Participant: 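Here it is, the structure in full.
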Amino acid sequence: MWEERWHPLREEWVIVAAHRQSRPWSGAKVAPPMPAPRRFDPACYLCPGNVRVSGAANPCYAGTFVFDNDHPCVGLDAPRELAPPAGIFRNRPATGIARVVCYSPRHDVTLAELDVDDVDALLRTLQQQMQDLTAQPDVACVLIFENKGEVVGVSNPHPHCQIYATNFTFKHIETELLAGRRHLDETGRNLFQDVLAAERQDGRRIITLHGSAVAFVPYFARYAYETYVAPLRSVGTIAALDDRERRDLATALRDVVIRFDNLWRMPFPYVMALHQAPVKGDADGFHFHIEFHPPLRRPNLLKYLAGPEIGGGNFLSDTSPEEKAAELVAAGGPHYRSTPT
Ligand SMILES: [Zn+2]
Ligand SMILES: [Zn+2]
């Protein structure tokens, strides 16, 4: 396979050169996974009852637990008065609220090993966070994400995600918002709904369809095993899902992360991001979805961003989205650690 595919949400071409996968590789390999963690780690800043670097003690929580990040990348006390830079350069205040969401009091599980009730409870917690943060006067956009695995820089295995509620809109959200708005103006239709219709018409990249939620490897996937999980109904943020839709989304989400782990029978690293419309202003044409960007192409083989991506600005995919989707379809069933081997 050697072609370009149009990425309608990012409005850019993705170069697909899937024959490259077989070329000899002498590059870096990632370290083998660490030994299985313990159920409780007295040195973990996320485990119940432990004291964090700020001096605050975690409560002995039983479900999800949310706290303000002790090392925030964005904060409400960021400077509001900035000295203007030289000439054409521009700056503006970067303020926000950064929080951490623990999925479970258990140190030794991942999202893939929570049961559906727990994943649903996590999504309900995120809905509550959205309601709280949307009401804050200085918040324009809420980015919720999980970095999982040492290859994406996470050394603490305790299952958690992060929330950045910012006074600015993240670039990918802005790009998708503008693309969706333009498509709506030109066709009267929701862009993501058109993507969903085409995926269902083709069918080869659908991973699971559960009630009102769907998961698929998009036609225009940039990363190997890149997967979208979305409600079928167009909503701006996760807060707008009703209880049934949230439960269906939790089921589809859990199904996908189990397949990831089952693929190579190892904890599968990823960056997961909830793409939500900005919480202030017009969000017409947007469709809330969850994107998974896995950094590995094969076990111990990282996808490097290099000349085409960093130098040229176009993503070069080394893998066929259809093949990767077929591998994920075949990796269903219970989580590999839950069954005797
Ligand atoms: Zn822990
Ligand atoms: Zn997106």
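What you are looking at is a predicted structure, and each value in this text was computed from that prediction instead of being measured. Both ligands and their constituent atoms are indexed starting at 1 by order of listing.
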Participant: Do F292 and Y228 have ring centroids that are under 6.0 Å from one another?
Facilitator: no
Participant: What N/O/S atom of E176 gets nearest to the Zn ion (ligand 2)?
Facilitator: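 Considering only N, O and S atoms, E176 comes nearest to the Zn ion (ligand 2) through OE2.
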Participant: For the Zn ion (ligand 1), find the closest N/O/S atom on H158 and give its atom name.
Facilitator: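 Of all N, O or S atoms belonging to H158, ND1 is the one nearest the Zn ion (ligand 1).
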Participant: Do any of the N/O/S atoms of H275, backbone or side chain, fall under 2.8 Å from the Zn ion (ligand 2)?
Facilitator: yes
Participant: Aromatic ring centroids of F268 and Y270 under 6.0 Å?
Facilitator: no
Participant: Give me the one residue out of H287, E245, Q193 that meets side-chain hydrogen bond (donor to acceptor under 3.5 Å, both in side chains) with R233.
Facilitator: E245
Participant: Give, rounded to 10 degrees, the angle between ND1 (H107) and SG (C47) as seen from the Zn ion (ligand 1).
Facilitator: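 Between ND1 of H107 and SG of C47, at the Zn ion (ligand 1), the angle is about 110°.
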Participant: Nearest to the Zn ion (ligand 2), which N, O or S atom of H289 do we find?
Facilitator: NE2
Participant: Would D117 and R124 pass as an ion pair if we require N to O under 4.0 Å?
Facilitator: no
Participant: May I ask you to say whether R246 pairs ionically with D120, meaning some side-chain N is under 4.0 Å from a carboxylate O?
Facilitator: yes
Participant: Would you mind naming the N, O or S atom of E291 nearest to the Zn ion (ligand 2)?
Facilitator: OE2
